[in-house]
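Worksheet for the structure shown next.
To find a chain, count down the sequence lines: A is the first, B the second, and so on, and within it residues start at 1. None of the values given here were measured: they were computed from a predicted structure.
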Amino acid sequence: MALYEKYPVSISNSLSGKKELFTPVKAPFVGLYSCGPTVYNEVHLGNLRTFTSFDVVFRYLTHIGYKVRYVRNITDAGHLTNDAGVGVDRIEESAKLEQLEPMEIVQKYTTSFHDVCRMFNILPPSIEPTATGHIVEQIEMVKKILNNGYAYEINGSVYFDVRKYNEKHNYGELSGRNIDELLEGTRELDRQDEKRNAIDFAIWKAVSPNHIQRWTSPWGEGIPGWHLECSAMGTKYLGDQFDIHGGGMDLKFPHHECEIAQNVGALGKSPVRYWMHTNMLTVNGEKMSKSKGNSFLPRELFAGSHPLLAKAYSPMAVRFFMLQSHYSSTLDFSNEALSAAEKGFKKLSNALTTVKEMNHPFPILSKGRSTDSELEAELDRMVNECYTFMSNDFNTAKTLAVLFEMSAKINEFKSKNLAIFISEEAFNNFKHTYISFMEDVLGIKDEESHNQELMDGVINVLIELRKKARSDKNFALSDKIRDELKSLGVQLMDGKDGEMNYTIE
RNA sequence: GGUCUCAUGGCCGAGUGGCUAGGCAGAGCUCUGCAAAAGCUCCUACAGCGGUUCGAAUCCGCUUGAGACCUCCA
């Protein structure tokens with residue numbers, strides 16, 4: 001029996017507003033799509049929270065036996081800041097600002113995005129398609145929507161006719177909006193617009209002759225509408241209807257709403273069965289966003305070089321910090337919270353190192369001790385909880401709570417010199433669950449330290465000297481060695497048997 | 001203005017009607033030459049006011065406060 005059958009997954013579906021049992025269209029295959037970045041500048045920490053959340057979804061579904069195809073796009077083309085056509089193209093704007101070709105901007109920030117993902121241990125998706133690589137597919141989709149009568153062409157642009165669409169379908173089903181209210185609530189009606197209704201959105205947009213990024217289409221030269229790429233690429237790689245589509249809450253409307261309309265308009269089918277939306281990272285209770293000036297970049301975080309940051313934080317501490325809350329809740333950033341997370345992360349990380357070196361204590365068992373069935377049951381309970389909590393809408397917070405319990409057990413086993421009376425199977429199951437949930441599912445890895453071997457060697461020399469000093473009862477010297485290493489960030493720890501370990505901050 | 005969320009112990013945070021989540025900080029103890037690490041113990045909260053229920057942090061109503069979306073946004 002596959003793990004996903006033993007621990008069935010449930011997901012909070014934004015479409016229904018309820019938590020639902022997850023049943024893929026075609027198990028064991030799962031199609032997962034999440035909206036990636038627009039590569040016109042660097043991603044900030046808030047963006048990263050969403051990518052981390054879906055990274056864990058991808059990791060967990062894979063871990064329990066699903067064959068997941070994870071598609072996360074790169075938006076590298078025509079992305080106007082609004083649908084009316086009076087906005088600016090972000091990439092074009094950056095290109096002018098930095099005096100680079102649009103594709104240079106795209107390359108630069110795609111590379112930077114990948115670097116950041118690597119640092120945060122965010123796995124590459126199965127497919128990472130770009131908008132510019134799928135212009136043909138997007139044009140085809142526009143044609144279909146036009147043929148089905150849900151769009152109209154005017155001055156070389158094509159707009160989705162929301163009112164027409166809503167006659168037969170339900171525009172607003174995802175975000176809970178009412179089309180009449182949307183029509184009424186539209187602001188700035190005074191501006192002359194070529195759209196029939198203010199809520200219509202561009203699926204193809206004619207551009208002025210001085211616009212650098214442009215493609216030829218049946219309607220003239222232009223760029224695809226910004227909601228269109230996800231529809232086209234999701235359909236291409238995952239099919240007319242796939243399992244999970246995710247993104248930040250702020251994409252729910254209009255982006256995802258429009259995506260549904262486009263798919264239904266073109267193919268007559270709602271594209272996604274389970275919509276997942278991650279909540280925002282906040283700073284002092286307010287959404288982190290560039291326009292508010294309260295956002296910071298990953299590299300500023302690692303360097304501690306931002307007014308909001310009291311010090312530098314490591315990528316894994318930040319990843320752990322994010323996983324301590326549920327993806328659907330807002331998470332408030334603060335230095336206090338992050339410092340606390342740093343320590344918690346270290347605790348789990350230490351236990352991970354410890355358990356990797358631990359092996360089942362056969363000698364004790366072979367002396368005829370019977371197994372401790374109570375302890376075995378407790379370990380088994382923890383193993384089970386890791387799965388049930390993750391299967392319950394990817395509750396990383398509860399899973400971490402169990403991992404802390406497990407780490408306490410690991411330390412206990414160590415301090416008792418492995419004098420635990422459990423079967424080899426029970427121990428290995430426990431050990432492997434801890435390791436795999438830490439590393440494979442939550443993606444928490446040991447921090448890499450540079451020149452590890454050299455450090456090891458140098459510190460070991462000092463450890464030998466200190467051992468000698470201690471055996472000579474020269475505590476003044478032994479303390480001096482320890483204290484001075486400590487001031488450099490190296491903590492020595494004496495074991496019972498005279499052995500010494502160390503950790504580096 | 002419309003739509004919708006959220007309010008939990010010193011701090012961060014989980015919680016989907018009944019059984020003290022967890023982390024950080026703090027206090028005490030054990031181990032240790034002294035530390036560190038680790039273990040054990042203590043710290044039992046759910047914005048306010050009503051209601052439903054044998055029982056509510058959890059459901060309903062009102063009040064107060066915070067936020068999100070309605071423009072680009074993860």
How is [X] classified with respect to the nucleic acid when contacts are heavy atoms under 4.0 Å: base, sugar-phosphate, or nothing?
X: A:D332; value: sugar-phosphate
X: A:N392; value: base
X: A:K287; value: base
X: A:A337; value: sugar-phosphate
X: A:L338; value: nothing
X: A:G247; value: sugar-phosphate

Ion pair check, [X] and [Y], cut-off under 4.0 Å:
X: A:E336; Y: A:K343; answer: no
X: A:K480; Y: A:D483; answer: no
X: A:E98; Y: A:K108; answer: yes

Rounded to whole Å, please give me the gap between [atom1] in [X] and [atom2] in [N].
X: A:M322; N: B:G13; atom1: CE; atom2: C1'; value: 15 Å
X: A:Y171; N: B:C70; atom1: OH; atom2: P; value: 11 Å
X: A:L403; N: B:A14; atom1: CG; atom2: C1'; value: 14 Å
X: A:L174; N: B:U5; atom1: CG; atom2: P; value: 14 Å
X: A:N501; N: B:U32; atom1: CG; atom2: C1'; value: 15 Å
X: A:F201; N: B:C70; atom1: CZ; atom2: P; value: 15 Å
X: A:N279; N: B:C73; atom1: CG; atom2: C1'; value: 14 Å
X: A:R319; N: B:G23; atom1: CZ; atom2: C1'; value: 18 Å

* Asked: Based on Watson-Crick and G-U pairs with both distances under 3.5 Å, what dot-bracket line describes RNA chain B 5' to 3', crossing pairs as [ ] and inter-strand pairs as |?
  -> ((((((((.[[[..)..(...]]].(((((.......)))))....[[[[[..)....]]]]])))))))....
With a 4.0 Å cutoff (strictly under), does any side-chain N or O of [X] reach OP1 or OP2 of [N]?
X: A:K346; N: B:C24; value: no
X: A:K343; N: B:A25; value: yes
X: A:K292; N: B:C72; value: no

* To do: For the pair A:F160 and A:F201, name the ring-plane relationship: parallel under 30°, tilted 30 to 60°, perpendicular over 60°.
  =>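 A:F160 vs A:F201 ring planes: parallel.
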* Angle class for the A:F333/A:Y313 ring planes (parallel below 30°, perpendicular above 60°, tilted otherwise)? ->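 A:F333 vs A:Y313 ring planes: perpendicular.
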Taking the side chain of [X] as heavy atoms from C-beta outward, which of [options] is closest to it?
X: A:L182; options: B:C70, B:G67, B:G23; answer: B:C70
X: A:F321; options: B:A74, B:C12, B:A14; answer: B:C12
X: A:E181; options: B:G22, B:C73, B:G2; answer: B:G2
X: A:R49; options: B:C69, B:G13, B:A74; answer: B:A74
X: A:R177; options: B:C24, B:A74, B:C69; answer: B:C69

* **Stacked cation flag A:R470 on A:F475, 6.0 angstrom / 45 deg** =>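 The answer is no, since A:R470 fails at least one limit relative to A:F475.
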* Asked: Do we get A:K18 above A:Y274's six-membered ring, with its NZ or CZ under 6.0 Å from the centre and within 45° of the axis?
  ->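 Checked: cation-pi criterion not met.
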* Step by step, would you call A:M322 with A:V318 a side-chain contact (heavy atoms from CB on, under 4.5 Å)? -> CA-CA 6 Å; A:M322 289 176 171; A:V318 176; 4.1 Å; yes
* Asked: How many angstroms lie between atom CG of A:L352 and atom NZ of A:K347, to the nearest 0.5 angstrom?
  ->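 Rounded to the nearest 0.5 Å, the CG-NZ separation comes to 15.0 Å.
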* Return yes if a side-chain donor-acceptor contact under 3.5 Å exists between A:T330 and A:D332, otherwise no. =>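 Side-chain D/A pair, A:T330 to A:D332: absent.
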* Out of A:F51, A:F302, A:F320, which one pairs with A:F120 under the ring pair (Phe, Tyr, Trp, His ring centres under 6.0 Å) rule? ->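 When A:F51, A:F302, A:F320 are each tested with A:F120, the ring pair (Phe, Tyr, Trp, His ring centres under 6.0 Å) holds only for A:F302.
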* **Per-nucleotide protein contact string for nucleotides 33-40 of chain B, where B marks a base within reach and S marks sugar-phosphate only (heavy atoms under 4.0 Å, - for neither)** => BBBBSSS-
* Asked: Taking for each residue the nucleotide of RNA chain B with the nearest heavy atom, is it A:L400 or A:T330 whose nucleotide lies nearer the 5' end?
  ->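 Looking at RNA chain B, the more 5' nearest nucleotide goes with A:T330.
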